[in-house]
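Working notes for the structure below.
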Amino acid sequence: MGEILDDYVAPKKSSTIFSKISLALAILNSFLLIVFLLIVPEQVYVGMEFSSFVIILVRSFGFFSLSGFVITMISILKKEKRTVVKWVGGTINILIFISLVSFVIYGNILLGRL
């Protein structure tokens, strides 16, 4: 009968680790995109061979783009605290992912695969 009904419970600090990872991946994706645009020549011809570095760069861009999108979705679904880091990283990752998917679809349409 001697219970305190209004006992104060300290709120848990919400972790923002996924938001920080999302921002880091957004910065990495932006850097990879800039490097890719600087390395690839302006005109590409059929049968033109690229160095293995360019191929690794393209594949890592795709991988980190997908990773950034997944981490952003986890950050949103875990309902992390709204911060500038979360919004900037999430916005960049979502825009990069949507652009990448639309370029793949457009390329397949041009090649007649869809």
According to a hydrophobic-cluster definition based on side-chain heavy atoms being under 4.5 Å apart (Ile, Leu, Val, Met, Phe, Trp, Tyr only), do L38 and V54 belong together?
no

L32 and I34: same hydrophobic cluster, using ILVMFWY side-chain contacts below 4.5 Å?
no

S75: which residues meet the side-chain hydrogen bond (donor to acceptor under 3.5 Å, both in side chains) condition with it, sequence neighbours left out?
S19, E80

Under a single-linkage definition using a 4.5 Å side-chain heavy-atom cutoff for Ile, Leu, Val, Met, Phe, Trp and Tyr, are I109 and V101 assigned to the same hydrophobic cluster?
yes

To the closest 0.5 Å, what do you measure between CG (L66) and CG (L25)?
10.5 Å

Value for CD1 (I92) from CG (L28), rounded to nearest 0.5 Å, stands at 12.0 Å

Do V88 and L95 land in one hydrophobic cluster if side-chain heavy atoms of ILVMFWY residues count as linked below 4.5 Å?
no

Note: with side-chain heavy atoms under 4.5 Å as the link, the other cluster members for L77 come out as none

side-chain contact (heavy atoms from CB on, under 4.5 Å) partners of R59, counting only residues at least two apart
I55

Does some side-chain heavy atom of I96 sit less than 4.5 Å from a side-chain heavy atom of F64?
no

For S52, enumerate each residue passing the side-chain contact (heavy atoms from CB on, under 4.5 Å) test, keeping only those at least two apart in sequence or located in another chain.
none

Those residues at least two apart in sequence (or on a different chain) that pass side-chain contact (heavy atoms from CB on, under 4.5 Å) with T83 are K81, V85, K86

Nearest heavy-atom contact between F36 and L57 is CA-CD2, 3.5 Å

Sequence neighbours excluded, which residues qualify as side-chain contact (heavy atoms from CB on, under 4.5 Å) partners of I27?
L23

Sequence neighbours excluded - side-chain hydrogen bond (donor to acceptor under 3.5 Å, both in side chains) pairs with any residue from residues 22-35
S22-T72, S22-N93

Members besides V104 in its Ile/Leu/Val/Met/Phe/Trp/Tyr cluster (side-chain heavy atoms under 4.5 Å)
none

Does Q43 have any side-chain hydrogen bond (donor to acceptor under 3.5 Å, both in side chains) partners at least two apart in sequence or in another chain, and if so, which?
Y45

Residues pairing under ring-ring contact (aromatic ring centres under 6.0 Å, His included) where one sits in residues 68-114, two or more places apart or in two chains, turn out to be F69-F97

With a 4.5 Å cut-off on side-chain heavy-atom distances among I, L, V, M, F, W and Y, is there a chain of contacts connecting F61 to L37?
yes

